[in-house]
Amino acid sequence: MPRGLPMFRSLQVRNFRLFLAGQGVSVAGTWMQNVAVGWLVLDLTHSGGALGLVIAARFVPLLTLGPWGGLVADRREKRRLLRLAASCQIVIATVLGVLTIVHLIAVWSLAALIFAAGLVDVFDTPARQTFINEIVGGDRLGNAIALNSVLVNAARIAGPAAAGVLISAVGVGPCFIVNAASYVAVIAALVAMRPAELMVSARASQRPGQIRAGLRYVWHTPQLLGPLLLVAVSGAFAWEYQVTLPLFTSRAFDGDSRTYGAALASVAAGSIVGGFAVAHRERIRVRTVALSAIAWGTMLGVTSLAPNLASAYALLAVVGVFTVAFNSVSKTVLQAASAEQMRGRVMALWSIGWQGSTVVGAPLVGFVGQDFGARYALGLGGVATLLAGAALLAASRGYTRNALPAKSLSRSVVESETASM
């Protein structure tokens, strides 16, 4: 285990090594399921519209119930909550696999099961994001998030590739069964952790009005509000690769599914490089978030003008670098600037902005691509992210010049804010 390299300093923590191992297996299984869902919907309906609705079903619970999930994460023991979430996902994926294998699956039942998986994500996502801080502590948080992003993007390459082989060999159904089995690795990793080595955050007390208190807390904390608004803009318009890349590769370059797959691989490969680059950084500010958004938006705009497919692949790799850089530094800043009792609710808002905005953003980006052209769809995300990043950069001049501390407000201030609701 590397002890002398600052890039890997989080791996010195045994519990974090276990966490990464479980997450790596699970994320690969999740991407296998994502590929299988898309294939299955098109096989059942031959409709892109139906595919969009099924994808949206996964994020509707997050968009509507996200703050509640964050509050639960603030109130409950996160390791236990993650074990429960993984157990629920095992059941959902198993039912989905069995129904598919015995040819009893229909679009409505598929959408219902995907919705159920999204409902579990409402609680899993904020608990998982904030649990990293409890594993490694604030001084290694940015490094741990970056290394986790590297692993996630590596799994984004391995999972779809494995799904393609499995679907060709035995069909769609077994992909769901493999995904169910992948969650066993998550549970095993959580069980194997040493609880005494966790830096457990203070839990929020149970009292009325705490969701409103969380929203009010963010509204009155510029170091949180600015980055969250930027995450929402970029999540809605730039982080729509499942819409923009198929349009871009097929309509701008007359490509096929292999072209689309190569484009995704280019972004994922760049994301791995970006994750390692961020892992080097020890001090991350709101200004860092703004600059990474400006770079990401600029590269999306440049990529939308790519003259040929080879240059598009190269530019998409650079896009991947800044995509994961923005993702990593924004999560780091949000957790570092949050008080312990509010961290789950803050990261729930992050998940709404980054993932839940797909419900609104995907149709809008798709409409632009359909009516104005694929390059405009990609460029729209670039321009929106660039402008939002520039706005945050200007606003950040009023923030502290120092790197953000692990706690931006004392516990007494947070509790008095909650009591006033």
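All heavy atoms count here, side chains included; hydrogens, waters and symmetry mates do not. The structure displayed is predicted, hence computed values, not measured ones. Starting from 1, each residue takes its place in the sequence as its number.
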Check L300 against A238 and note the closest heavy-atom contact, atom names and distance. CD1-CB, 3.6 Å
Taking R76 for the side chain and L81 for the main chain, is one N or O donor matched with an acceptor at less than 3.5 Å? no
Under the side chain to side chain donor-acceptor pair (under 3.5 Å) rule, what do S338 and Y217 come out as? Steps first, then yes or no, please. CA-CA 9 Å; S338 301; Y217 170 69; 5.1 Å; no
Is R58 paired with D121 through a side-chain N to carboxylate O contact shorter than 4.0 Å? yes
Check ion pair E197-R14 (N to O, under 4.0 angstrom): no
Check whether S26 reaches the backbone of G22 with its side chain - one donor and one acceptor, N or O, closer than 3.5 Å. no
Tell me whether the guanidinium CZ or amine NZ of R251 lies under 6.0 angstrom from the six-membered ring centre of Y376 and within 45° of its axis. no
From CA spacing to verdict: side chain to side chain contact (heavy atoms under 4.5 Å, CB included), L349, L215: CA-CA 9 Å; L349 292 175; L215 295 174; 3.9 Å; yes
Atom of T303, atom of A312 and distance for their closest heavy-atom approach: CG2-O, 4.4 Å
Working note: V98 + F176, criterion side chain to side chain contact (heavy atoms under 4.5 Å, CB included); need CA distance, chi angles, decisive distance, verdict. CA-CA 8 Å; V98 171; F176 301 122; over 6 Å; no
Do R345 and Q210 meet the criterion of a side-chain donor-acceptor pair at a distance under 3.5 Å? no
Between the main-chain N or O of G382 and the side-chain N or O of T385, is there a donor-acceptor pair closer than 3.5 Å? no
Strictly by modelled atom types, are N308 and S311 linked by a side-chain donor-acceptor pair under 3.5 Å? yes
Angle between ring planes, W239 versus W354, binned at 30° and 60°: parallel, tilted or perpendicular? parallel
Restricting to non-hydrogen atoms, name the atom on A388 and the atom on V233 that form the minimum distance, rounded to 0.1 Å. CB-CG1, 4.0 Å
Taking W296 as the fixed residue, which of F237, F326, F322 is the one that meets the ring pair (Phe, Tyr, Trp, His ring centres under 6.0 Å) rule? F326
List the steps, then state whether side chain to side chain contact (heavy atoms under 4.5 Å, CB included) holds for L190 with F131. CA-CA 11 Å; L190 292 169; F131 188 52; 3.8 Å; yes
On a heavy-atom basis, which atom in S10 and which in R140 lie closest, and how many Å separate them? OG-O, 3.3 Å
If we ignore angles and hydrogens, is there a donor and acceptor under 3.5 Å between the side chains of S328 and S149? yes
Any donor-acceptor N/O pair, T130 side chain to A127 backbone, under 3.5 Å: yes
Check I352 against P67 and note the closest heavy-atom contact, atom names and distance. CD1-CD, 3.4 Å
